[in-house]
2 protein chains.
Amino acid sequence: MSTIVVNPHITDAEWEVMRVVWANIRVTSKEVISTLEEKMDWNQATTKTLLGRLVEKGALNTEQEGRKYIYSANIEEKEAVRSFTNDIFDRICRKNVGNVIESIIKDHTLSFDDIQRLEEILEMKKAFAVEEVDCQCAEGQCDCHLHHHGE
Amino acid sequence: MSTIVVNPHITDAEWEVMRVVWANIRVTSKEVISTLEEKMDWNQATTKTLLGRLVEKGALNTEQEGRKYIYSANIEEKEAVRSFTNDIFDRICRKNVGNVIESIIKDHTLSFDDIQRLEEILEMKKAFAVEEVDCQCAEGQCDCHLHHHGE
DNA sequence: CATTTACGTTTACACATGTAAACAATAAGG
DNA sequence: CCTTATTGTTTACATGTGTAAACGTAAATG
């Protein structure tokens with residue numbers, strides 16, 4: 001059926017719809033509408049439009065069930081989040097990735113388990129760590145080019 | 001001069017311009033134009049438009065210098081990045097913040113210094129860690145509500 | 001001084017996005 | 001069976017965004 005969807009861009013409003021689908025796995029438009037009527041104060045027509053657009057761009061699947069559709073996600077939340085996070089890291093110098101992660105950690109509440117898990121990951125990352133991360137910025141968009149081998 | 005700019009939304013295209021300004025601190029339109037002509041293959045008019053929009057929304061300052069302007073950033077890169085990253089974490093369940101950080105770390109190259117710094121931060125975070133992070137999702141947008149005290 | 005150049009400002013225009021009304025078709029109820 | 005409610009599809013429309021041409025004016029150059 002239709003071509004493979006590589007990575008449709010999901011907008012803010014559409015994301016609200018996706019969250020409902022991800023959380024419930026299989027939903028009717030009615031359920032999505034009522035959830036977002038409450039949370040977002042959206043008119044039902046708005047949610048209908050968004051469902052339509054998401055189906056159109058391949059983010060949602062539909063199965064006919066009598067007169068209605070059952071909507072289900074065609075892309076995983078994890079994937080969608082990943083492509084979103086990658087956008088950030090494409091906006092900054094690679095050398096700063098560590099700083100940004102640092103600031104994210106500082107800004108958020110973590111559980112003991114989270115911390116332990118992250119410590120383990122970091123331990124493993126040591127095997128692949130580099131002395132200095134490569135700046136991949138274009139000339140003129142980053143000052144690494146000027147003073148990178150300080151020390 | 002003008003009202004305080006809280007947090008202008010910077011689009012993808014505008015971000016390219018900001019990076020040039022951030023990297024160079026004080027630039028003329030000519031420098032921005034030539035950098036982006038190369039990297040983005042943009043017509044000079046395109047860069048001019050973006051510079052204008054950024055000034056308009058308060059992200060850039062201008063100082064007259066003879067006939068030209070000197071552009072400088074009015075918002076820090078760090079702040080801009082932070083507001084961008086926060087957008088992500090507003091799209092997911094708080095309980096998953098740790099997982100997302102995990103996946104970010106896995107996906108990127110870090111230096112030994114980065115890792116050590118992150119380890120220190122994590123160590124400090126232990127003092128503020130919680131047993132379980134609070135889900136703040138709206139009903140229907142997250143399945144924590146269903147099976148959160150598994151164990 | 002007349003012409004070309006440089007640079008900021010205006011206008012343009014297609015497509016994306018948020019938000020929704022109008023419409024069509026079918027199912028459900030009286 | 002006719003009316004109403006339900007649910008998907010079309011159409012709508014303002015604002016945002018990417019991309020740029022046109023314009024106005026001052027500066028540089030011949």
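Side-chain atoms are counted along with the backbone in the values below, which use heavy atoms only and exclude waters and symmetry mates. To find a chain, count down the sequence lines: A is the first, B the second, and so on, and within it residues start at 1.
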Filtered N/O pairs between nucleotides 24-27 of chain D and protein, under 3.5 Å:
from, atom 1, to, atom 2, distance (Å)
D:dA26, O3', B:Arg67, NE, 2.7
D:dA27, OP1, B:Arg67, NE, 2.6
D:dA27, OP1, B:Arg67, NH2, 2.8

When you match A:Lys48 and B:Lys30 each to their closest nucleotide on DNA chain C, which lands nearer the 5' end?
B:Lys30

Filter on salt bridge (charged side-chain N to carboxylate O under 4.0 Å, His left out), then keep only pairs touching residues 71-83 of chain B, sequence neighbours left out; what's left?
A:Asp107-B:Arg82, B:Glu79-B:Arg82

Would you indicate, yes or no, if C:dC7 has its OP1 or OP2 atom less than 4.0 angstrom from a side-chain nitrogen or oxygen of B:Thr28?
no

How many Å lie between CD on A:Glu31 and C1' on D:dT7, as a whole number?
14 Å

Round to the nearest Å and state the distance from A:Tyr69 atom OH to C:dT26 atom P.
12 Å

All N/O donor-acceptor pairs, side-chain side in residues 45-52 of chain A, below 3.5 Å, sequence neighbours left out:
from, atom 1, to, atom 2, distance (Å)
A:Thr49, OG1, A:Ala45, O, 3.0

Contact pattern, 5' to 3', of nucleotides 10-15 of chain D - B, S or - by protein heavy atom under 4.0 Å:
--B---

Got a sec: does the CD1 of A:Ile25 have more than 12 other heavy atoms crowding it under 6.0 Å?
no

Nucleotide C:dC7, atom P - distance to CG of B:Leu51 in whole Å
12 Å

Between D:dT7 (P) and A:Glu63 (CD): distance, integer Å
17 Å

Nearest-Å distance, NE2 (B:His9) to C1' (D:dG18)?
14 Å

Do B:Ser83 and B:Asn86 have a side chain donor and acceptor closer than 3.5 Å?
no

From CD of A:Gln64 over to P of C:dT26, roughly how many Å is that when rounded to an integer?
11 Å

Close approaches to DNA chain C from residues 35-44 of chain A, in residue order (heavy atom, under 4.0 Å)
A:Trp42, A:Asn43

Within this structure, what is the CG-to-C1' distance between B:Leu60 and C:dC7, rounded to whole angstrom?
16 Å

Between A:Glu37 and A:Ser34, is any side-chain donor less than 3.5 angstrom from a side-chain acceptor?
no

A:Phe84 vs A:Trp15 aromatic rings, parallel, tilted or perpendicular, using cut-offs 30° and 60°?
perpendicular

Can you measure A:Leu50 atom CG to C:dA21 atom P for me and round it to whole angstrom units?
14 Å

Mind checking whether A:Cys144 and A:Cys93 have side chains closer than 4.5 Å, heavy atoms only?
yes

Would you classify B:Thr46 as touching base, sugar-phosphate or nothing, given that sugar-phosphate means primed atoms plus P, OP1 and OP2, and contacts are heavy atoms under 4.0 Å?
base

Answer yes when B:Glu102 and A:Arg117 have at least one side-chain N-carboxylate O distance shorter than 4.0 Å, and no when they do not.
yes

What residues form a ring pair (Phe, Tyr, Trp, His ring centres under 6.0 Å) with B:Phe89, not counting sequence neighbours?
A:His108

